[in-house]
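Report on the structure given below.
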Amino acid sequence: RGAANMLLMASLWVLYHSIVAVGQSWYSFGWESQLLETGFLAIFLVPVKSCRRFPSDCPTPWVVKWGYRWLLFRIMLGAGLIKIRGDQCWRDLTCMDYHYQTQPVPNPISYYLHQSPWFVHRFETASNHIVELLCPVLLLLPFRRLCALGGLLQLIFQVVLIISGNLSFLNWLTLLPSIFCFDDSMLSFLFTRSSLKERFFAASKSRKTYGYYVRQLVSLAVAVLIGYLSIPVVRNLLSSQQAMNTSFDPLRIVNTYGAFGSVTKERTEVVVQVTRDLDPQTATWTDLEFKCKPGDVTRRPCLISPYHYRLDWLMWFAAFQNYQHNPWLVHLGAKILAGDDGIKELMAPNPILDKQPRWLRMQHYKYEYAATMRGSDSWWTRHLVGEYLPTVQLSDLSQYVRQQGWKLPRDREH
């Protein structure tokens, strides 16, 4: 049984804000701001002190209801506009030909969806545009049935996205504001016990007290604040130079969102390899496996949503660039060479790391789904593109790590 009050929700919001602020690249994903904005509105959803499930003197504030609808409207419209303004494949309806294969962390269902006929992919892309560009208008209409229809379409859309890939907790989080498109009578079927239904409706039709009017004033103040902070967000939505996943205020109360403005047509992976041999030229190299990202071509894609393996996602972004643009990756290599136990916990089990490796290198591979699983146990095929990080040992990285101001990993065996 979950329950909360303003003090608890405000504390959680402040704590997560602090974590995001110090997390840097580790917490640089767009849904961190979405979680903060969602959490900010949740502060005003709950009672000031009471932790009762159905406080009779605290009906859902109007500013929270419309605040969540406004949030969902911006999430979906922002995602739709960044696509239609971005990659050409969204305009010619071919993006879904690539998405299931090149998304950050595919799941097993992604493999089979990728095999769909071309006309299915065209339908998927067109449907995406309808849901993200046209349907959000329903969310802001004052007509309860149309608003509920808009909320239902968004719920279905998010469930489809959850099924089709490991997109962290993003889509699960987006389900929450969709619920606020339904009124009490539409949700009453969730409460099967008559006593709970009575308490539910009693809370929504409670007698107005002094506290009620205070909350109305607070709601008005929050509405004014959201309206003011929405001005640069709306300007951004209307701009041909639209930025996605950006905050225009330091507290991230109202943000701009977007996803997959461009879709990569090829999947490349950074494969980390280590050896304990003395001579790297004649060494036998072993690939290090991560918890979820593609590596071993015979390993089945994982199913982890709503959990978020941040290192796997950062490795996906790193594959688009080089290690000079991702200094944290060099630090990762140094920690692996030093036998750091914390790094091993972020990766899949790698028996070779039971002892400290002597050499490390990173290779750049192109990955593609295997054309068929019949007669083969491979989910992927891959071929070498080139070198990503040259062969190094721990002493080669010491000066670079110090220049970055990082603490030099302690050599476990020396």
*Side-chain contact test, heavy atoms from C-beta onward, threshold under 4.5 Å: evaluate it for Tyr400 versus Pro327 and give yes or no.*
yes
*Is a salt bridge present between Glu387 and Arg361, judged by a nitrogen-to-oxygen distance below 4.0 Å?*
no
_Spacing of CG belonging to Leu133 relative to CG belonging to Leu77, to within rounding of 0.5 Å_ = 6.5 Å
*asked:* Quick check against the 3.5 Å criterion: does Gln115 have a side-chain atom that pairs as donor or acceptor with the backbone of Tyr111?
replied: yes
*Is it true that the side chains of Thr174 and Asn171 contain a donor and an acceptor less than 3.5 Å apart?*
no
*All disulfide bond (SG atoms under 2.5 Å apart) counterparts of Cys302, not counting sequence neighbours*: Cys292
*Determine whether Leu153 and Ile130 make a side-chain contact, defined as any pair of heavy atoms from C-beta on separated by less than 4.5 Å.*
no
*Please round to the nearest 0.5 Å and tell me the distance separating atom CG of Leu353 and atom CG of Leu337.*
9.5 Å
*Are any side-chain N or O atoms of Asn350 and backbone N or O atoms of Glu289, one a donor and one an acceptor, separated by less than 3.5 Å?*
yes
*Could you state the interatomic distance from CG (Leu71) to CG (Leu139), rounded to the nearest 0.5 Å?*
10.5 Å
*Dump the intermediate steps for side chain to side chain donor-acceptor pair (under 3.5 Å) on Ser110 and Asn107, then the final yes or no.*
CA-CA 5 Å; Ser110 307; Asn107 67 20; 3.0 Å; yes
*Is the NZ or CZ atom of Arg74 both under 6.0 Å from the centre of the six-membered ring of Tyr257 and within 45° of that ring's axis?*
no
_Closest heavy-atom pair and its distance - Ser305, Asn166_ = N-OD1, 3.2 Å
*Flag yes if more than 12 heavy atoms outside Arg235 fall under 6.0 Å of its CZ atom; otherwise flag no.*
no
*Go through the steps to decide whether Asp377 and Thr298 satisfy the test side chain to side chain donor-acceptor pair (under 3.5 Å), and finish with yes or no.*
CA-CA 6 Å; Asp377 58 355; Thr298 64; 5.2 Å; no
_Does atom CH2 (Trp62) have a neighbourhood of more than 12 heavy atoms from anything else shown, all under 6.0 Å?_
yes
_Heavy-atom closest pair, residues Met76 and Pro136_ = CB-CG, 3.7 Å
*Under 3.5 Å, side chain of Gln154 to main-chain N/O of Leu72, donor-acceptor pair present?*
no
*Keeping to residues at least two apart or across chains, list the side chain to side chain donor-acceptor pair (under 3.5 Å) pairs with something in residues 75-94.*
Lys83-Glu132, Arg85-Gln242, Asp87-Lys265, Gln88-Arg91, Asp92-Thr94
*Met244 vs Leu81 side-chain heavy atoms within contact, under 4.5 Å*: no
*CG/Leu146 to SG/Cys135 distance, rounded to the nearest 0.5 angstrom?*
11.0 Å
_Criterion side chain to side chain donor-acceptor pair (under 3.5 Å) on Trp328 and Gln404, from CA distance to verdict_ = CA-CA 9 Å; Trp328 63 268; Gln404 295 293 325; over 6 Å; no
*asked:* In terms of relative ring orientation, are Phe320 and Trp316 parallel, tilted or perpendicular, with 30° and 60° separating the classes?
replied: perpendicular
*Who pairs with Trp26 by ring-ring contact (aromatic ring centres under 6.0 Å, His included), at least two apart in sequence or on another chain?*
none
*Heavy-atom side-chain contact between Phe182 and Leu152 under 4.5 Å*: yes
*asked:* For the backbone of Ser178 and the side chain of Gln158, can you confirm whether one donor and one acceptor N or O come within less than 3.5 Å of each other?
replied: no
*Please check if the side chain of Asn5 supplies one atom and the backbone of Pro47 the other of a donor-acceptor pair under 3.5 Å.*
no
*Set of ring-ring contact (aromatic ring centres under 6.0 Å, His included) partners for Tyr388, sequence neighbours left out*: His364
*side chain to side chain donor-acceptor pair (under 3.5 Å): which pairs involve residues 10-21, sequence neighbours left out?*
Tyr16-Glu32
*Output the distance between atom CG (Leu138) and atom SG (Cys147), rounded to the nearest 0.5 Å.*
8.0 Å
*Give the ring-plane orientation class for Tyr369 versus His114, where under 30° counts as parallel, over 60° as perpendicular and anything between as tilted.*
tilted
*Is a side-chain donor or acceptor of Gln273 paired with a backbone partner of Thr284 at a separation under 3.5 angstrom?*
no
*asked:* It should be assessed whether the SG atoms of Cys89 and Cys95 lie less than 2.5 angstrom apart.
replied: yes
*Counting only N and O atoms by type, is there a donor-acceptor contact under 3.5 Å from the side chain of Lys335 to the main-chain atoms of Gly342?*
no
*Between Trp313 and Phe317, what is the ring plane arrangement, given parallel below 30°, perpendicular above 60°, and tilted in between?*
tilted
_Under 3.5 Å donor-acceptor, Arg267 side chain and Gln101 backbone_ = yes
*Hey, are the side chains of Tyr100 and Ile109 touching, using non-hydrogen atoms and a 4.5 Å cut-off?*
no
_For the OG atom of Ser164 and the CD atom of Glu124, what is their distance to the nearest 0.5 Å?_
8.5 Å
*Under the ring-ring contact (aromatic ring centres under 6.0 Å, His included) test, residues paired with Trp359 that sit two or more places apart*: none
*Indicate the atoms forming the closest heavy-atom contact of Pro108 with Leu303, along with that distance.*
CD-CB, 4.3 Å
*Would you say the side chain of Thr60 lies within less than 4.5 Å of the side chain of Phe180, judging by non-hydrogen atoms?*
yes
*Take Ile352 and Leu288 through the side chain to side chain contact (heavy atoms under 4.5 Å, CB included) test and state the conclusion after the steps.*
CA-CA 8 Å; Ile352 193 173; Leu288 296 184; 3.8 Å; yes
*His99 vs Thr125 side-chain heavy atoms within contact, under 4.5 Å*: no
*Check: Val64 main-chain N/O paired with Arg69 side-chain donor or acceptor under 3.5 Å*: no
*Pairwise side-chain contact, Leu41 with Leu45, heavy-atom cut-off 4.5 Å (strictly under)*: no
*Donor-acceptor pair, Asn322 side chain versus His325 backbone, under 3.5 Å?*
yes
